[in-house]
Amino acid sequence: MPDVRGPLRYLWWNARRQLPSLLGGIGFATVWWLVQALVPAVIGKGVDAVTAEDARSLVLWSLALLGLGLVQAYTGIMRHRLAVYNWLAAAYRTVQVTARQAARLGATLPKRLSTGEVVSVGNSDIAHIGNSMDILLRGTGSVVAIVTVTVILISTSLPLGLMVLVGVPLMAVAVGPLLRPLHRRQKAQRELTGELSTRAADIVAGLRVLRGIGGERVFAGRYREESQRVRHAGVSVAGVESLLEGAQILLPGLLIAAVTGVGASFAIGGQISTGQLVAFYGYAVFLIGPMRTLTEAADKLTKGHVAARRVVRILSMEPEVSGGTGTSGGGVLRDTFSGVTLQPGTLTAVAAAAPEDAIAIADRLGRYTAGDVTFGAADLAELPIEEVRSRILVADNGARLFSGRLRDELDVRGEASDDEVRRALRAACAEDIVEALPDGLEARVAEGGREFSGGQQQRLRLARALVADPEVLILVEPTSAVDAHSEARIADRLTRARAGRTTLVCTTSPLVLDRTDHVIYVEDGRVLAEGTHRELLESSPAYAATVTRGED
């Protein structure tokens with residue numbers, strides 16, 4: 001298997017895998033069009049045989065027409081089969097490489113792109129990419145068919161052949177000016193659609209809060225305004241598309257009328273036979289198909305190009321942090337910038353005067369942002385990202401509950417026993433949540449865990465982190481949404497659950513801080529004081545003011 005570590009390289013590798021089926025589809029589509037192009041000539045020969053009362057020729061041309069029909073049926077079936085295959089392959093391989101890249105980018109992705117932009121790739125862009133693969137088969141075959149018909153017409157009548165030879169490029173040139181504005185308007189519409197999807201996701205996710213503060217009407221008005229902008233952009237795109245659709249009828253119709261009229265005058269003048277006139281009319285009617293296909297190809301390839309640029313934009317992104325090939329035997333985890341040091345097997349707390357400082361420290365220790373961090377004797381940046389993720393777990397309140405069976409949601413690796421899951425639930429004070437569910441751990445969780453309150457979700461997320469049982473666990477405000485009684489119990493049980501394991505809790509809750517082995521006070525991103533909770537209350541007025549909220 002080739003080296004497919006890079007997302008664009010992986011995309012190129014997938015494209016090469018699809019090349020045989022794409023070439024096969026183009027071959028069948030070409031034969032399918034060629035057979036149709038030969039049908040008018042065979043019919044014309046048959047008409048001439050009837051005029052000449054040549055029964056033998058009539059039988060031969062009838063058999064030839066039957067053979068063309070059989071070949072057309074077979075190639076049409078295979079063309080359609082491969083067209084569907086190429087559509088699905090292009091669309092869902094795009095989904096695969098995009099999902100792979102999203103997993104690779106991790107926390108970098110939401111910082112660079114909105115949710116709506118990512119969702120639109122799976123909603124609409126894959127359809128446009130699939131359509132471009134589909135039309136590529138018929139479009140290539142239609143070009144060959146037009147060339148074939150032109151050669152036949154020139155060999156039969158030079159003026160008629162030249163009319164087709166000059167008329168088809170003129171039609172392509174006439175359609176060309178419509179493609180650039182179509183491209184521009186489609187790009188604008190997709191951007192607006194992505195923004196609208198993001199707005200909808202935000203409203204749905206924050207509906208409970210909006211109702212609490214009475215903001216439904218305000219946000220509904222904003223959504224209505226953005227949806228109207230999307231509608232106007234869609235109407236703008238439709239205006240250009242309607243011109244293209246009209247061109248598909250008008251331009252071929254004008255060419256057909258010209259070819260048929262000139263051909264009829266030639267037949268009356270005796271320059272061509274009756275059968276040739278019938279053949280010319282058949283060619284003129286036949287040309288509607290391939291020429292409409294060319295116009296359709298221009299439209300779909302334009303849309304596919306816009307969609308492909310969005311996908312390539314995602315695939316071109318690089319994670320903010322990358323890993324190396326080193327190893328570490330574990331040990332002390334230290335953030336050099338802040339001075340925060342985690343001793344192995346201890347429960348440490350970081351209390352920061354500014355909450356964002358604690359989050360920044362957690363992100364550096366978890367290798368979500370770059371920083372000078374050591375893990376034992378090795379630099380954390382030298383370890384493979386996969387190893388860092390498996391050994392150091394950062395659990396914050398931005399984590400989500402996903403839909404599915406609750407037990408699978410808590411044991412994401414599928415390796416924990418029932419006793420381990422129950423112990424984690426008890427440590428997180430989440431047993432009552434499971435007991436209240438009719439099916440217990442077998443209950444189905446809705447998207448985002450919306451059936452649970454904020455405090456219940458936080459306790460379930462904590463239980464999930466404890467089930468994972470990493471070498472180093474970093475918790476960011478794990479009890480901010482629970483009541484004081486539950487917070488005290490969680491603090492007591494967390495100490496026992498993580499005994500002998502390295503744990504960091506970023507919090508300013510006195511209930512939690514009082515139960516940790518060591519407390520580090522951070523101000524302006526740097527360690528200002530260290531000790532136990534009670535020692536710091538006595539020795540550091542800044543710490544005391546932070547954790548007591550300025551109260552005596």
Check the side chains of [Y] and [X] for a donor-acceptor pair under 3.5 angstrom, ignoring hydrogens and angles.
X: Ser21; Y: Asn86; answer: yes
X: Ser509; Y: Glu487; answer: yes
X: Thr369; Y: Glu320; answer: no
X: Asn397; Y: Glu477; answer: no
X: Arg104; Y: Gln101; answer: yes
X: Ser236; Y: Arg185; answer: yes

Which residue, Leu342, Val472, Leu347, forms the side chain to side chain contact (heavy atoms under 4.5 Å, CB included) with Thr503? Leu347
Kindly say whether Ala491 contributes a backbone atom to a donor-acceptor pair with the side chain of Thr495 at under 3.5 angstrom? yes
Heavy-atom pair of closest approach, residues Arg405 and Arg444: N-NH1, 3.5 Å
Just checking Glu538: does its CD atom have more than 12 heavy atoms from other residues, nucleotides or ligands closer to it than 6.0 angstrom? no
Would the number of heavy atoms belonging to other residues, nucleotides or ligands and lying under 6.0 Å from CZ of Arg534 be above 12? no
Electrostatic pair Arg407-Asp411, nearest N-O below 4.0 angstrom: yes
